[in-house]
2 protein chains.
Amino acid sequence: MFTLPQKESRAPTTCPGPATTQDLGSSCDNGPERECSRKPDQKLYGVGDPTATFSSGSSYLSSRGSIIKWFWDSAEEGYRTYHLDEYDEDKNPSGIVNLGTSENKLCFDLLSWRLSQSDMLRVEPSLLQYPDWRGHLFLREEVARFLSFYCKSPVPLKPENVVVLNGCASLFSALATVLCEVGEAFLIPTPYYGAITQHVYLYGNVRLVYVYLDSEVTGTDTRPFQLTVEKLEMALQGAHSEGVKVKGLILINPQNPLGDIYLPGELQEYLGFAERHKLHVIVDEVYMLSVFEESAAYSSVLGLERLPDPQRTHVMWATSKDFGMSGLRFGTLYTENQDVAIAVASLCRYHGLSGLVQYQMAQLLQDRDWINQVYLPENHARLKAAHTYVSEELRALRIPFLSRGAGFFIWADLRQYLSEGTFEEEMLLWRRFLDNKVLLSSGKAFGCKEPGWFRFVFSDKAHRLCLGMQRVRQVLEGKSQVAEDPPSSQTQEPSS
Amino acid sequence: MFTLPQKESRAPTTCPGPATTQDLGSSCDNGPERECSRKPDQKLYGVGDPTATFSSGSSYLSSRGSIIKWFWDSAEEGYRTYHLDEYDEDKNPSGIVNLGTSENKLCFDLLSWRLSQSDMLRVEPSLLQYPDWRGHLFLREEVARFLSFYCKSPVPLKPENVVVLNGCASLFSALATVLCEVGEAFLIPTPYYGAITQHVYLYGNVRLVYVYLDSEVTGTDTRPFQLTVEKLEMALQGAHSEGVKVKGLILINPQNPLGDIYLPGELQEYLGFAERHKLHVIVDEVYMLSVFEESAAYSSVLGLERLPDPQRTHVMWATSKDFGMSGLRFGTLYTENQDVAIAVASLCRYHGLSGLVQYQMAQLLQDRDWINQVYLPENHARLKAAHTYVSEELRALRIPFLSRGAGFFIWADLRQYLSEGTFEEEMLLWRRFLDNKVLLSSGKAFGCKEPGWFRFVFSDKAHRLCLGMQRVRQVLEGKSQVAEDPPSSQTQEPSS
């Protein structure tokens, strides 16, 4: 289910503070790209150029080393502001509230309890010795069982198709490197989780070709930002016409930042498109268990009866989002293609995770009683309550937004608050939020072609959400101020 | 102290089994290289070509992906033989004994005890959230204190110069990428830990230029395989003359596979050479606490009073060897160069280790009482006893070998057992050992220019060492057989 109220006329706003290129969390700047048409609204695709705004290097580093450092510095600039002044209920109540980083902070109590149980601390010689770089067999077996169950696979998935490693960032890096030559590209529908830009580029030197989606519902579309095969075809042809070789398609399902869920029929169409063009498909399903709306029926690509091209279909999942532990660094690949599995495994020398953590993850994933009866119901209830609260706040502000009951975020349309429809104006609004001590991620960081969209992360405790949304309201109502004094009465639970 | 008895005349041997290109553990094949002179014995340097023997690719992979997979397949071929038939005292007493992989298997009892203590299982929200990719500050502070103490640093080392990640393999990969352009190279004295070839090549596309060292003591040398500045200069000039741009020098200290320890004066000379040529120096000190001979005085490069070029001196250490936990995946960089530290940190998105493991490592490193009073004395005593046993076995066989009281291995001269001084003959001998169920690493895998050297890993339990050495003896005395029956009386402790 999604909600998109009628757009209101755009109110002119003042624009305090200089424009910056700051970004944060997943909201890294993807840089400019070559566009395929004259008017911004008619852009159909774009070829990403991650280093277009890179300027000076270091005499100690290679040119690629300087670019790699520059990616850090660009992100760091945004982080620095936040980390120097992080909100803390007791110690720094006037600090910055982070509604920008997509982490689930609602279930630390449940996770801390589970990860502290005595079965989690097992130290065996084999866990301390060099592992099979694909991952210990006991863990790959557990991952296969886990994915078979939660992805509703028509046949049991196999441990030999599983490769485990330290997170999906690493998996993007490895897949880009083993599937593409330097300079080749993946198609990706926008808006998309912007960090993928660097994941495929920093080591792999692989680019993204953006398939621009529109908020406006036209033609046969049934919802905003709808991906269609026609749009994929046009982007692919456009890239080819510019001499850019496309090797694959990246799909994020549930989608980040839209919260969209692809229908099984849609998935089949996208996979069919890829098969016709012999493109690999990387399906990022890291939010697959974070579908909190009962009415939202999720279908994993591993649950489809038939894959058009199983040898070119590669699925990734991790505990970072669905188990709220982005700091634990556990991710997994599932692919029937043994060439791909082995090539990724070969790079896992550089993406390995501790044997002790592998043991812990196997213990966690096999505890189906706790997951099904405690963790998932409670996590979904908390996500839904938090989502409801932020949704209602946005409705009260008459802000249109998208949300289909999955993920940690709401994709909100703040175009009415830009004096002009430009990314400079979007950045000014982002800066005004930050000046008023609330951190959001703006649409440019997601490759959105329309300036003025923002991602609101709601998977946080009530007192932080309330304060964050209060500060958002202050900015949008032109009443923003630097919150020097701790606000009172910010701790009520959001209504569910 | 090293031991090199007079060489005996080479006895002709029979060569059962076909030549293969199998390798194992750290004994990956480094492939052919371009040589600089006519006679093998006079080779001064070589430019590594890691993919010279690569043939066919996969239609699903990029060309680099196919090469990456090929590295796995080559190693896997050797591993397969071993893993299909691993020795187990009870379940498979006629299985293969592994004296090839450099792991310390002597102290699992101590480590299991320490890692199972209740202070090791702490689950805090911050450990489950996205970390600072340089590593959590509490761990970097602990690493700085730890290295200050054990490296005898003249001034306290600083947390801001520390970057932690999931092992030194990753660190080689990251440093190669940020310091070198594609196709550039590092100098490395041979024999050397052969896996570095792939660590700098797979992601970074960086090559090695071998500085060939000789077993024969000539000129001003005081020991076999001695590295001198003259040899470094010649290799550097040779590489330049072939159009290969050299960006740095890799030093392993204590050396693998020689077990050598560089004297402070030698270190200063090598660092001075690097400074004159503006070369980075990567100093791999992963065996620094595995110096088990009291008379062997070890000097870390971080303990030198003055570094000739601190901005180009980068030190790596890990728990893999010194704490016998290669499966735990913890390594660290120490560099004063903030450009390098930040560039490596930027790549640590792909080399991150779990927050829970970071906490455990901080607990371990700060437990100075246990390390100094329990772990290190016991570990050194056990290493020494095991070393003494294998040394005596080799002496009894009249096999010349090198060993200076550091590391897990003895570098042994089996040239007398080759019918010709070729690497084909070396491989045949390696195969005869494997056929007689004992796995060793042969010199070619270490880039040694003289065929016939083997690395014997001794850091294993007595019963495995005894059986392994018995099987070695059988091969060398021409009495080898496939051991179908469990041998008896193989469990006595080695004499110390």
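Naming convention: chains lettered A, B, ... in sequence-line order (proteins, then strands); numbering from 1 in each chain.
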Enquirer: Is A/Glu181 in contact with chain B via its backbone, its side chain, both, or neither, using a 4.5 Å heavy-atom distance?
Expert: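 Backbone plus side chain of A/Glu181, per the 4.5 Å heavy-atom cut-off to chain B.
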Enquirer: Under 4.5 Å heavy-atom distance to chain B, tell me which part of A/Val344 shows up: side chain, backbone, both or neither.
Expert: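 When you check distances to chain B, no heavy atom of A/Val344 falls under 4.5 Å.
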Enquirer: Give, as side chain, backbone, both or neither, the part of B/Val340 having an atom under 4.5 angstrom from any heavy atom of chain A.
Expert: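 Interface part for B/Val340: both.
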Enquirer: Examine whether an atom of A/Leu353 lies under 4.5 Å from a heavy atom of chain B, and if so say whether it belongs to the side chain, the backbone or both; otherwise answer neither.
Expert: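 Answer is backbone: N, CA, C or O of A/Leu353 sit under 4.5 Å from chain B.
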Enquirer: Sort A/His199 into side chain, backbone, both or neither according to what part of it lies under 4.5 angstrom from a heavy atom of chain B.
Expert: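 The answer is both parts of A/His199.
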Enquirer: Pick from A/Arg329, A/Met120, A/Gln129, A/Met325: which one has the most heavy-atom pairs with chain B under 4.5 Å?
Expert: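 Among the listed options, the one with the most contacts to chain B is A/Gln129.
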Enquirer: Among A/Gly65, A/Ser58, A/Gly355, A/Pro125, which has the most heavy-atom pairs under 4.5 Å with chain B?
Expert: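 If we count pairs closer than 4.5 Å to chain B, A/Pro125 comes out on top.
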Enquirer: Kindly give the heavy-atom pair with the smallest separation between B/Tyr375 and B/Asp322, and that separation in Å.
Expert: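 In terms of heavy atoms, the two residues are closest at OH-O, 2.9 Å.
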Enquirer: Is there a donor in the side chain of A/Asp119 and an acceptor in the side chain of A/Gln363, or the other way round, less than 3.5 Å apart?
Expert: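 Distance-only check passes for A/Asp119 and A/Gln363.
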Enquirer: With a 4.5 angstrom heavy-atom cut-off, could you sort out which part of B/Ala341 is near chain A: side chain, backbone, both or neither?
Expert: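 Contact with chain A is absent: no heavy atom of B/Ala341 under 4.5 Å.
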Enquirer: Which answer fits A/Trp133, side chain, backbone, both or neither, if we ask what part of it has an atom under 4.5 Å from a heavy atom of chain B?
Expert: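 Both parts, backbone and side chain.
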Enquirer: Taking the six-membered ring for Trp and the single ring otherwise, decide whether the centroids of A/His351 and B/Tyr203 are under 6.0 Å apart.
Expert: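 Ring centroids of A/His351 and B/Tyr203 are less than 6.0 Å from each other.
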Enquirer: Could you look at A/Phe108 and say if it's the side chain, the backbone, both or neither that has a heavy atom under 4.5 Å from chain B?
Expert: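 Only the side chain of A/Phe108 comes within 4.5 Å of chain B.
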Enquirer: To the nearest 0.5 Å, tell me how far A/Leu202 CG sits from A/Ile68 CD1.
Expert: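 Result: 5.5 Å between the selected atoms.
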Enquirer: Find the distance between CG (A/Leu179) and CG (A/Asp339) and round it off to the nearest 0.5 Å.
Expert: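 Rounded to the nearest 0.5 Å, the CG-CG separation comes to 10.5 Å.
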Enquirer: Among A/Glu103, A/Lys278, A/Arg312, which residue has the highest count of heavy-atom pairs closer than 4.5 Å to chain B?
Expert: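 Max contact count across the listed options: A/Glu103.
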Enquirer: How far apart are the closest heavy atoms of A/Thr335 and A/Leu333, and which atoms are they?
Expert: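 Looking at all heavy atoms of both residues, the shortest contact is CG2-CD2, 3.8 Å.
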Enquirer: For B/Leu61 and A/Ala343, which heavy atoms make the closest approach, and how far apart are they?
Expert: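 Closest approach of B/Leu61 to A/Ala343, heavy atoms only: CD1-CB, 4.0 Å.
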Enquirer: Under 4.5 Å from any heavy atom of chain B, what part of A/Leu127 do you find: side chain, backbone, both or neither?
Expert: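 It is the backbone, since no side chain atom gets that close.
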Enquirer: What part of A/Gln311 is in contact with chain B, defined as an atom under 4.5 angstrom from a non-hydrogen atom: side chain, backbone, both or neither?
Expert: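 For A/Gln311, backbone and side chain are both near chain B.
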Enquirer: Are any of the side-chain heavy atoms of B/Leu111 and B/Arg114 separated by less than 4.5 Å?
Expert: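 No, every pair of side-chain atoms sits at 4.5 Å or beyond.
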